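Each remark here refers to the structure printed beneath this line.
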Amino acid sequence: MGKFTAVILDFETTGLSPGYGDRAIEIGAVLVRNNRIVDRFQSLMNPGKRVSGFIEEYTGITNEMLAKAPPAEQVMERFASFIAGHNLVAHNASFDRRFLDAELSRIGRRRTGDFACSMLAARRIYTNAPNHRLETLVSHLSLQTDGVFHRALADAEMTAQLWTAMIGELKETYRLRQVTFELMHSLGGVAKKAVPAYLERVAAGRTCACARGGRSLG
DNA sequence: TGCCAGGCCCTCTTTAGGGCCTT
C-alpha cells in the first residue's frame, strides 16, 4: 500500500442510522493511486427490507431495482476484498464508517484501514465555500460532473475529485512536495484556526503529519 | 408509513445548545 493510495467510497442507505435498523442499498467506490482513479466498485444490494418513498425519490433507487439486486451479504464479501489493505475516505466519513462497519459485522468481517473525512478537510481548506455539502463543493470548485448526485459511484467519483483537488491546493499553497493520506487524515483533527500554522510547520518538516488529536497543535 | 443518529464545531461555551453533514 503506497502513501498515495486510498479507497474513496460512498453508501446509499435506507436511512441515517444502522443502530435503528437502517441498511446499505448501494456501494460505490474508487481506488485512487497517485491521485488517479485506477479501479472502481459499484453494486446495488438487497437489504431485505423495503425502502421508503423518500429514499426512492432521493436516490432514484427503487424497491423494484433492489428486489433484483444481489443480497447485501454477497456484495459486502466482494467489497471487503476490494478495500482490503487500503485506507478509506468518505464525505462525512462518520456516516459511511458506521454503515461499513455494521455491514461488515453482519458477515463477520472487519475493516483494517483508517478512515479520513473529505468534509472535515474541506471545512479547513475551503473556508470560503458557501457550505461543505459535496454537491456545493463540486460546483464551487468547478469539478467535473455528469450531473448525477446521490448515487454511490457518482458521489464516490466526485469525492475523489474533491480529495485530489484538496491535495493539489495544499501542495500549491504550502509548497509541499507530497501530501500523504496521513496528513489529510490529521488535518481533520486540527482546530480550524490552527490549520495554516500547522501546515507551515509540516512544510518546514518540523511536524509529524501522522499526529492525531491535534486540537492543541498550533 | 413514518419515525429514528452521531460526530464535529462554533459560541451568547465548558454544569449547553444548536447548526452542519450524511441517507
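These values consider heavy atoms only, across backbone and side chains, with no hydrogens, waters or symmetry-generated copies. Please read all numbers here as calculations on a predicted model, not as lab measurements. Chain letters run A, B, ... following the sequence lines, proteins first, then strands; residues in each count from 1.
If you take atom P in dT15(B) and the same atom in dC21(B), they sit 27 Å apart, rounded to whole Å. Rounded to the nearest Å, the gap between the P atom of dG6(B) and that of dG2(B) is 23 Å. On the C1' atoms, dT14(B) is 13 Å away from dC10(B), given to the nearest whole Å. When the P atom is used for both dG17(B) and dT1(B), the distance is 37 Å, rounded to whole Å. Rounded to whole Å, the C1' atom of dG19(B) lies 15 Å from the corresponding atom of dT13(B).
In summary, of the residues considered (Arg78(A), Gln74(A), Glu26(A)), a side-chain contact (heavy atoms from CB on, under 4.5 Å) with Ser43(A) occurs for Arg78(A) alone.
In this structure, Phe95(A) atom CZ and dC21(B) atom P are separated by 15 Å, rounded to whole Å. If you take CG of Leu134(A) and C1' of dC21(B), they are 11 Å apart, rounded to a whole angstrom. Rounded to whole Å, atom P of dC21(B) lies 11 Å from atom CG of Leu120(A). One interatomic measurement links the two molecules: CG of Leu153(A) to P of dT23(B), which rounds to 14 Å at whole-angstrom precision. Atoms CZ (Arg123(A)) and P (dC8(B)) sit 11 Å apart, rounded to a whole Å. Residue Asp101(A) contributes atom CG, which lies 15 Å from atom C1' of dA5(B) at whole-angstrom precision. Computed from coordinates, the Ile55(A) CD1 to dG2(B) P distance equals 12 Å when rounded to whole Å. Across the protein-nucleic acid pair, Arg50(A) atom CZ and dG2(B) atom P stand 13 Å apart, rounded to whole Å.
Taking only side-chain nitrogens and oxygens, His150(A) comes nearer than 4.0 Å to OP1 or OP2 of dT23(B).
Salt-bridge formation is not detected for the pair Arg109(A)/Glu103(A): no Lys NZ or Arg NE/NH1/NH2 atom is positioned less than 4.0 Å from an Asp or Glu carboxylate oxygen. Using a 4.0 Å cut-off between charged nitrogen and carboxylate oxygen, Arg175(A) and Glu169(A) do not count as a salt-bridge pair.
Ring-plane geometry between Phe181(A) and Trp163(A) is classed as tilted, the angle between the planes lying from 30 to 60 degrees on a 0 to 90 degree scale.
Counting any heavy atom pair closer than 4.0 Å across all strands shown, Gly15(A) reaches a base atom. Looking at heavy-atom distances under 4.0 Å, Phe54(A) makes contact with a base. No contact: Ile25(A) has no heavy atom under 4.0 Å from any strand. Counting non-hydrogen atoms under 4.0 angstrom, Thr59(A) reaches the backbone sugars and phosphates but no base. Looking at heavy-atom distances under 4.0 Å, Asp22(A) makes contact with a base.
When distances run from any side-chain atom of Leu16(A) to the nucleotides dT22(B), dC8(B), dC4(B), the shortest one goes to dT22(B). Side-chain proximity of Tyr20(A) to the nucleotides dA5(B), dC21(B), dC10(B) is greatest for dA5(B). When distances run from any side-chain atom of Ser94(A) to the nucleotides dC8(B), dT22(B), dG6(B), the shortest one goes to dG6(B). Minimum atom distance to the side chain of Thr13(A) is reached by dT23(B), of the listed dG6(B), dT23(B), dC21(B).
With no hydrogens or angles considered, no side-chain donor-acceptor pair links Thr59(A) and His150(A) at under 3.5 Å. Thr13(A) and Asp22(A) share no donor-acceptor pair across their side chains, judged by distance under 3.5 Å alone.
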